[in-house]
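Everything on this sheet refers to the single structure shown next.
Per chain, numbering begins at 1; letters A, B, ... match sequence-line order.
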Protein chains: 2
Amino acid sequence: MSNIKVLIVEDEPIIAENIKALLQQVNYTVVGIAFTKNQALELLENTSPTIALLDINLGNNLHGIEIAEHINTHYNIPFLYLTSYSSKLILDKVKHTFPMGYIVKPFDESDLFTAIEIALSNYSSIKKNTVISLETINKNSDIQLTKKEFIILQEIYSGLSNHQIAEKHFVSTNTVKTHVQNIYSKLNVHNRADAIVAIRKILNS
Amino acid sequence: MSNIKVLIVEDEPIIAENIKALLQQVNYTVVGIAFTKNQALELLENTSPTIALLDINLGNNLHGIEIAEHINTHYNIPFLYLTSYSSKLILDKVKHTFPMGYIVKPFDESDLFTAIEIALSNYSSIKKNTVISLETINKNSDIQLTKKEFIILQEIYSGLSNHQIAEKHFVSTNTVKTHVQNIYSKLNVHNRADAIVAIRKILNS
DNA sequence: GGGTTTTTCATCCAAAAGGATGAATTTTAG
DNA sequence: CTAAAATTCATCCTTTTGGATGAAAAACCC
């Protein structure tokens with residue numbers, strides 16, 4: 001029983017079922033097959049996949065890219081593009097969605113497996129560069145930050161001084177200091193640089 | 001004329017030449033073909049490739065992995081493994097070398113091209129998490145840090161105080177302060193947190 | 001609607017960092 | 001060998017942080 005949950009977005013039922021079969025051979029769980037964009041969004045929300053495979057038939061169908069953008073803005077999972085052929089043109093068009101890789105059709109079980117394994121492996125390294133999220137912090141560690149603490153932590157992370165934070169958020173420097181101290185206490189650090197390092201570690205965990 | 005310089009490490013001359021031809025078709029520059037580990041190390045040093053393709057024939061030949069480790073410790077470029085077949089076993093053995101991907105033989109021009117493009121694209125995202133390198137800093141920006149400044153910058157980046165840095169490197173706190181000030185001046189920042197942010201930006205550029 | 005948590009703010013003090021300047025010593029490069 | 005660059009260290013002073021404690025609003029929850 002694999003704990004890797006794959007979402008397949010592919011409008012060709014035959015191909016989709018084929019992929020599903022291949023994945024199940026290597027013991028992945030296929031949480032669903034989406035034939036349309038709306039189905040994809042629904043399955044993303046309801047099945048919490050570990051990774052998504054998105055079909056892109058460049059030309060009229062740009063749903064894959066839209067779904068990719070939706071994943072980037074709403075979820076924290078990697079995705080791979082399934083594409084019939086690869087060219088500089090395609091790469092340029094979809095690069096900005098930051099896929100973890102491409103799977104060029106036709107592919108066999110091992111191609112699929114390799115691509116997914118690498119994607120998952122690389123993703124845990126990559127995600128650390130993205131904007132820090134409160135959920136990530138609170139879920140990936142035993143600390144529980146409040147909303148304001150998290151906001152201030154982000155400002156610290158981006159290099160602002162207490163005074164700058166105070167101005168930006170229309171509160172007094174004293175208030176900021178209090179929050180900062182509470183944050184330090186929760187993170188078990190004693191200064192800004194260590195707080196940043198602590199966050200880096202959590203994001204990279 | 002492509003500015004992407006590829007190093008091929010492959011002990012089978014026929015395959016190597018084939019790869020070279022494929023790469024040149026898609027306008028990459030092949031800076032060299034290494035048939036042995038020593039040749040690979042030499043070419044790495046002398047030709048400054050943008051990316052390396054490493055053959056791994058698991059079994060008796062583990063040179064690919066050793067070269068990968070050498071790249072990880074000495075250079076700042078991504079590499080891909082060329083492998084005859086992929087299996088969970090292989091992946092487990094080489095995963096720790098953090099390849100940017102795998103190319104499973106046999107492959108065609110577009111497989112190769114796709115894999116390299118993705119590797120390069122992802123690498124610029126991933127490298128930011130790795131240890132900061134002096135070369136990266138000095139080449140990716142107009143600042144020029146000295147060795148000691150770079151060492152101290154790393155300590156700042158990892159959250160040490162001036163006092164801790166002084167103890168660790170057997171110099172006085174005053175010396176550290178001087179270096180820190182020179183670093184700030186070069187980075188055009190005025191405190192630790194901003195220095196860390198500045199480095200983050202350079203690494204992500 | 002009453003208790004809990006969060007957010008707000010203050011004061012006092014200590015420690016650390018930041019800034020300016022000057023200077024001796026060591027390393028490096030031509 | 002010698003000039004330039006890098007590393008080392010010091011002193012003086014200012015600003016920012018960090019730490020402790022107390023406390024009043026505001027928001028939230030059941």
Side-chain angles (χ1 to χ4, degrees), chain A residues 132-139 141-202, chain B residues 45 132-139 141-201:
Chain A
I132 57 178
S133 98
L134 181 56
E135 288 73 39
T136 309
I137 302 293
N138 281 349
K139 283 182 183 159
S141 62
D142 46 0
I143 59 162
Q144 295 298 318
L145 296 179
T146 68
K147 281 176 201 161
K148 272 285 156 55
E149 283 167 357
F150 174 66
I151 290 169
I152 288 179
L153 179 58
Q154 282 185 307
E155 303 295 11
I156 289 176
Y157 191 73
S158 58
L160 298 193
S161 69
N162 291 342
H163 179 63
Q164 288 174 313
I165 298 172
E167 289 217 319
K168 181 168 173 183
H169 294 280
F170 308 106
V171 294
S172 79
T173 308
N174 283 321
T175 299
V176 175
K177 284 186 66 176
T178 303
H179 284 308
V180 169
Q181 285 190 44
N182 289 334
I183 292 167
Y184 288 173
S185 161
K186 289 185 179 180
L187 292 181
N188 200 29
V189 297
H190 302 278
N191 57 62
R192 292 170 124 66
D194 271 334
I196 295 175
V197 172
I199 294 307
R200 209 157 54 212
K201 282 184 184 161
I202 293 175
Chain B
E45 186 59 35
I132 57 179
S133 103
L134 181 56
E135 289 72 40
T136 308
I137 302 293
N138 282 350
K139 282 181 185 160
S141 61
D142 46 0
I143 60 163
Q144 294 299 318
L145 295 180
T146 68
K147 281 175 199 162
K148 271 285 154 56
E149 284 168 357
F150 175 66
I151 289 169
I152 288 180
L153 178 57
Q154 281 185 309
E155 302 296 11
I156 289 175
Y157 191 72
S158 60
L160 299 192
S161 68
N162 291 343
H163 179 64
Q164 289 174 313
I165 297 172
E167 290 217 318
K168 182 168 173 183
H169 294 280
F170 307 107
V171 294
S172 80
T173 307
N174 283 320
T175 300
V176 175
K177 283 184 68 175
T178 303
H179 285 306
V180 169
Q181 284 190 44
N182 289 335
I183 292 167
Y184 287 174
S185 162
K186 289 185 179 180
L187 292 180
N188 199 28
V189 298
H190 303 278
N191 57 61
R192 293 170 122 66
D194 271 334
I196 295 175
V197 171
I199 294 308
R200 208 158 54 212
K201 282 183 184 162

Can you list the steps and then say if B:I199 with B:L187 is a side chain to side chain contact (heavy atoms under 4.5 Å, CB included)? CA-CA 9 Å; B:I199 294 308; B:L187 292 180; 4.3 Å; yes
Interatomic distance where CD belongs to B:Q164 and C1' belongs to C:dA17 [whole Å]: 13 Å
Position toward the 5' end of DNA chain D (nearest nucleotide), B:I152 or A:Y184: B:I152
OP1 or OP2 of C:dA10 versus the side-chain N and O atoms of A:S172: is any pair under 4.0 Å? yes
Has A:H179 got a side-chain N or O lying under 4.0 Å from the OP1 or OP2 atom of C:dT8? yes
Main-chain N/O of A:R192 paired to A:Y184 side chain as donor or acceptor, under 3.5 Å: yes
Between D:dT7, C:dT8, D:dC9, which nucleotide has the shortest distance from any of its atoms to the side chain of B:V171? D:dC9
5' priority, DNA chain C, between A:K177 and A:K186 [closest heavy atom]: A:K186
B:I156 has an atom CD1; how far is it from atom P of D:dT17, in whole Å? 15 Å
D:dT16, OP1 or OP2 - any side-chain N/O from A:N162 closer than 4.0 Å? no
Could you check how far CD of B:E149 sits from C1' of D:dA6, rounded to whole Å? 8 Å
Expressed in angstrom and rounded to an integer, what is the separation of B:H190 atom NE2 from D:dT16 atom C1'? 14 Å
Nearest whole Å is fine: how far is C:dT26 C1' from B:K148 NZ? 10 Å
Less than 4.0 angstrom between a side-chain N/O of A:N174 and OP1 or OP2 of C:dA10, yes or no? yes
Test side-chain hydrogen bond (donor to acceptor under 3.5 Å, both in side chains) applied to B:K186 - qualifying residues, sequence neighbours left out: B:E149
For D:dG19, does the base pair up with any side-chain atom of A:Q181 as donor and acceptor (N or O, under 3.5 Å, distance only)? yes
Going by the side-chain hydrogen bond (donor to acceptor under 3.5 Å, both in side chains) test, which pairs reach into residues 168-177 of chain B, not counting sequence neighbours? B:E155-B:K168, B:E155-B:H169, B:S172-B:T175
Taking only side-chain nitrogens and oxygens of A:T146, does any of them come within less than 4.0 Å of OP1 or OP2 of C:dT7? yes
Considering every strand and a 4.0 Å limit on heavy-atom distances, what is the contact class for B:T175: base, sugar-phosphate, or nothing? base
Under 4.0 angstrom, heavy atoms only, what part of the nucleic acid is A:T178 near: base, sugar-phosphate, or nothing? base
Side chains of A:E167 and A:L160: does their closest heavy-atom pair fall under 4.5 Å? no
Value in whole Å for how far the P atom of C:dA17 lies from CG of B:L160: 10 Å
Would you mind reading off the distance between B:L153 atom CG and D:dT7 atom C1', rounded to a whole angstrom? 17 Å
Under 4.0 Å between a side-chain N/O of B:K147 and OP1 or OP2 of D:dA6, yes or no? no
Rounded to whole Å, how long is the line connecting atom CD1 of A:I183 with atom C1' of D:dT17? 14 Å
Does OP1 or OP2 of C:dA16 have a side-chain N or O of B:H163 closer than 4.0 Å? no
Any side-chain N or O of A:R192 less than 4.0 Å from the OP1 or OP2 oxygen of D:dG18? yes
Taking B:I152 as the fixed residue, which of B:T178, B:V171, B:I165 is the one that meets the side chain to side chain contact (heavy atoms under 4.5 Å, CB included) rule? B:I165
